[in-house]
Amino acid sequence: MSPKASSVSYSPLPSHTPPPNVVVLTYYRPPPDPSFLLLRRCLAFTFSVILLSAAVFFLYPSDPTLQVSRIRLNHIQVHSYPKFTLDVSFSLLVKVRNRDFFSLDYDTLDVSVGYRGRELGVVRSRGGKLRARGSSFVNATLDLNGLEIIYDVFYLVEDLARGVIPFDTTSKVNGELGVFLFKVPIKGRASCEIYVNTTDETIVREDCFP
């Protein structure tokens, strides 16, 4: 006798199932720490100051530097009759250096020679142009003949007795620096103290400073 089969009933699935409910939660950002905000602002301010200082340092125009690279005495002669007069000749090599990041146009280079603080004569050399951060050498020869030493004749007699005459030279340059669309006037200066031996007509000592 065969067992009796059990009947199981199934209910059909609905044709349209409703979508599940989805809840979207926004990302929670904690409020920023006030001390962190203050630190960030301080760092930004410090960086801005450093950047501005660097820009001013590199772009602010500065005067050129002058350096007397070489001084040579050509001749010197003192005349005591009929009055005290002086003949002297110097040759100088002056180095002009442009420290800026812009080109430099200088009009003239003036070199003067003095004795005991009194100017004896001036020689003027032609100008030129210097590229940014560049240098140039300028030759200058100063010939002074028949100079009357009136006010300092007693000092001159003492210097002749010692055999050494002190002179001072001053080099000046005037020009313009092209900063973008502007022309900025600039000037440079260098001075030297020269001690000349009247016996062998040589320079025994020279002290130069800007």
Side-chain angles (χ1 to χ4, degrees), residues 62-100 103-131 134-177 183-210:
S62 58
D63 292 332
T65 58
L66 272 70
Q67 179 183 357
V68 180
S69 300
R70 186 178 66 243
I71 301 177
R72 186 177 68 248
L73 175 67
N74 298 326
H75 72 270
I76 181 172
Q77 188 174 4
V78 180
H79 306 279
S80 57
Y81 182 83
K83 52 187 175 181
F84 270 100
T85 59
L86 180 66
D87 299 341
V88 63
S89 175
F90 287 100
S91 294
L92 298 92
L93 181 64
V94 182
K95 179 181 180 181
V96 185
R97 181 174 178 267
N98 181 16
R99 300 180 295 174
D100 295 303
S103 61
L104 166 66
D105 295 323
Y106 63 96
D107 302 325
T108 57
L109 175 67
D110 298 337
V111 179
S112 63
V113 172
Y115 172 72
R116 297 288 181 178
R118 297 182 183 275
E119 186 177 281
L120 300 179
V122 181
V123 62
R124 174 166 294 180
S125 301
R126 293 182 301 174
K129 184 172 184 178
L130 283 177
R131 57 182 177 84
S135 302
S136 178
F137 290 90
V138 181
N139 289 297
T141 301
L142 182 59
D143 294 318
L144 303 174
N145 296 317
L147 292 174
E148 295 186 19
I149 309 299
I150 301 175
Y151 300 99
D152 301 313
V153 62
F154 297 104
Y155 293 109
L156 182 61
V157 172
E158 292 179 358
D159 293 334
L160 289 174
R162 290 197 303 263
V164 176
I165 300 179
F167 292 98
D168 54 87
T169 67
T170 302
S171 304
K172 301 178 183 179
V173 61
N174 297 317
E176 293 180 341
L177 192 69
K183 294 294 185 180
V184 181
I186 58 174
K187 57 180 61 179
R189 180 189 179 108
S191 301
C192 292
E193 294 180 355
I194 307 169
Y195 297 85
V196 176
N197 190 315
T198 57
T199 303
D200 53 7
E201 298 186 355
T202 58
I203 298 176
V204 294
R205 196 182 79 185
E206 59 181 86
D207 300 323
C208 296
F209 47 90

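- Side chain of Thr198 to backbone of Gly163: a donor-acceptor contact under 3.5 angstrom is found.
- Taking both residues in full, the closest heavy atoms of Ser112 and Glu119 are given as CB-OE1, 3.8 Å, listed atom of the first, atom of the second, then distance.
- The side-chain heavy atoms of Asp87 and His79, taken from C-beta on, include a pair separated by under 4.5 Å.
- With a 4.5 Å cut-off on side-chain heavy atoms, Ile194 and Thr169 count as touching.
- With respect to Ser89, the side-chain contact (heavy atoms from CB on, under 4.5 Å) criterion is satisfied by exactly one of Asn74, Leu142, Leu73: Asn74.
- For Lys95 against Phe137, the heavy-atom pair with the smallest separation is CB-CE2, 3.7 Å.
- Going from atom OG of Ser69 over to atom CG of Asn139 covers 10.0 Å, rounded to the nearest 0.5 Å.
- Partner Asp110 forms a side-chain hydrogen bond (donor to acceptor under 3.5 Å, both in side chains) with one of Lys172, Arg124, Arg189 and no other, that one being Arg124.
- Atom CD1 of Ile203 and atom CD1 of Ile71 lie 5.5 Å apart (nearest 0.5 Å).
- Residues Asn145 and Thr85 fail the side-chain proximity criterion, which asks for heavy atoms closer than 4.5 Å.
- A distance of 9.0 Å separates SG in Cys208 from CD in Glu193, rounded to the nearest 0.5 Å.
- Residues Asp159 and Tyr115 meet the side-chain proximity criterion, which asks for heavy atoms closer than 4.5 Å.
- Using a 4.5 Å cut-off on side-chain heavy atoms (C-beta onward), Glu206 and Cys192 make no contact.
- The shortest side-chain heavy-atom distance between Val173 and Val94 does not fall under the 4.5 Å cut-off.
- Nearest heavy atoms, Arg131 versus Asn98: O-ND2, 3.2 Å.
- Closest approach of Lys129 to Asp105, counting heavy atoms only: CG-OD1, 2.9 Å.
- Separation of atoms CZ (Arg162) and OH (Tyr195) is listed at 9.5 Å; rounding is to 0.5 Å.
- Distance check: Asp207 CG to Asp168 CG gives 12.0 Å after rounding to the nearest 0.5 Å.
- Taking the six-membered ring where tryptophan is involved, the planes of Phe90 and Phe167 are perpendicular, since the angle between them exceeds 60° and thus also 30°.
- Residues Val111 and Ser125 have side chains not in contact (no heavy-atom distance under 4.5 Å, counting atoms from C-beta outward).
- Using a 4.5 Å heavy-atom cutoff, the side chains of Thr141 and Val123 are not in contact.
- Judged by distance alone, with hydrogens and angles left aside, the side-chain atoms of Asn197 form no donor-acceptor pair with the main-chain N or O of Thr202 at under 3.5 Å.
- When all heavy atoms of Leu66 and Ala190 are compared, the closest pair comes out as O-CB, 3.3 Å.
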